[in-house]
Amino acid sequence: MPEGHTVHRTANQFNEQFAGKALTIDSPQGRFSAGAAMANGLILNRAFAVGKQLFLELQGGLFIRIHLGIYGKWRWYQGKAVAKALQDEPVGQVRARFYTDTAMADLRGPTVCEVIVAEEADRVRDQLGPDPLNDDPSGLELARFIARVQRSKQPIGALLMDQAVISGVGNVYRAELLFRAGIDPYLEGNRLTEEQLRSIWKDAVALMQVGVATGFMITRDDLFESDPSKSERNFVYKREGQPCRICGHEVSIALMQARKLYWCGNCQR
DNA sequence: TACTCATGAGCAA
DNA sequence: TGCTCCTGAGTAG
């Protein structure tokens, strides 16, 4: 489920399993062979996420940038399973494989997996909007988000999907954040108040932290502590034609920038 | 078994 | 706006 919370979980996992260790890196599928050859054997200084992008910072100023896109997935192996997996045929098209004696991560189907230098990593980060999952003690990131939305005439439903406005939010959180805020997804950015935007940001932080903790995009407060089935987790996402969980009004669906948008026309005016 | 759809995003027209 | 990249889960028949 590659929205931002998944990527932060992966960064945490890389830090736990691999930080400070030399990584063996290869590309069973072959499409990352050149990158793997450059990075193989280097020590992982740290892993971090910005929005939906994962950065592996290696010794010597090299970075591996990974973006899962819509299909990308990780598969992890621990302990004895590592040696066994190395003997077996890789499962699926494994673009990149990262491992030590004790842990292994297989990457399949990413949109991006490349080795870059520090300047390129900085350039990519500069293009990304603030990430609700990264610390913001000064409030500067929140201010960036508010300013960026309020100077736009684009609908808020489109702005929340724009990674230069807010990074890490995808189609599920977009729909759910707007529902929880009671905001019409077609309302233009410059018509939202600072208070509304603060509230959306604060809610994004909370919901995405739940996502990091649980691995699931649970957006119904009463279910945060439980383990709801996929169809129960959200208010409006993928619930078109069904009654709104709050008011009973039929949940609507429309395409916004080629992505399916779900909302309740009664609760979100 | 075959087909559709998906949590994303870059690019050409 | 539509096409493309690419993988796999879910569903129809």
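Note on naming: letters A, B, ... go to the chains in the order of the sequence lines (proteins, then strands), and numbering restarts at 1 for each one. Only this structure's heavy atoms are used, side chains among them; waters, hydrogens and symmetry mates stay out.
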Using a cut-off of 4.0 Å on non-hydrogen atoms, how would the nucleic acid contact of R31(A) be classed: base, sugar-phosphate, or nothing?
-> sugar-phosphate
Report the distance from atom CE of M256(A) to atom P of dT7(B), rounded to the nearest whole Å.
-> 15 Å
Could you give the distance separating dG10(B) and dG8(C) at their P atoms, to the nearest angstrom?
-> 23 Å
Integer-rounded Å distance: dT7(C) P and L68(A) CG | 13 Å
Any side-chain donor-acceptor pair under 3.5 Å between R9(A) and N12(A)?
-> no
Are E114(A) and R65(A) close enough for a salt bridge, meaning some N to O gap below 4.0 Å?
-> yes
Separation of atom NZ in K238(A) from atom P in dT4(B), rounded to whole Å = 16 Å
Gap between atom CZ of F48(A) and atom CZ of F63(A) - 0.5 Å precision = 5.0 Å
Using atom CD1 of I218(A) as one end and atom P of dT7(B) as the other, report the distance to the nearest whole Å.
-> 18 Å
Which pair of heavy atoms, one from A36(A) and one from S27(A), lies closest together, and at what distance?
-> CB-N, 4.3 Å
Hey, does Y237(A) reach any base, or is it just sugar-phosphate, or nothing, if we go heavy atoms under 4.0 Å?
-> sugar-phosphate
To the nearest angstrom, how far is I70(A) atom CD1 from dT4(C) atom P?
-> 16 Å
Using atom names, set out every protein N or O paired with an N or O of nucleotides 9-13 of chain B below 3.5 Å, distance rounded to 0.1 Å.
unit_1: dA9(B); atom_1: OP1; unit_2: H67(A); atom_2: NE2; d: 3.2
unit_1: dA9(B); atom_1: OP2; unit_2: K52(A); atom_2: NZ; d: 3.2

Please name all residues satisfying salt bridge (charged side-chain N to carboxylate O under 4.0 Å, His left out) with E250(A), sequence neighbours left out, ordered by chain then number.
-> none
Between atom CD in Q93(A) and atom P in dT7(C), what is the gap in whole Å?
-> 5 Å
For atom CH2 of W74(A) and atom C1' of dG8(C), their distance in whole Å = 17 Å
Would you mind telling me which of dA6(B), dT7(C), dT7(B) lies closest to the side-chain atoms of K260(A)?
-> dA6(B)
Can you run down the ring-ring contact (aromatic ring centres under 6.0 Å, His included) pairs that involve residues 188-212 of chain A, sequence neighbours left out, and say none if there aren't any?
-> F145(A)-W201(A)
By nearest-heavy-atom nucleotide on DNA chain C, the more 5' of A258(A) and V94(A) is A258(A)
Return the minimal non-hydrogen interatomic distance between I200(A) and A181(A), and the atom names on each side.
-> CG1-CB, 4.0 Å
Find the distance D106(A):CG to dG8(C):P and express it as a whole number of Å.
-> 11 Å
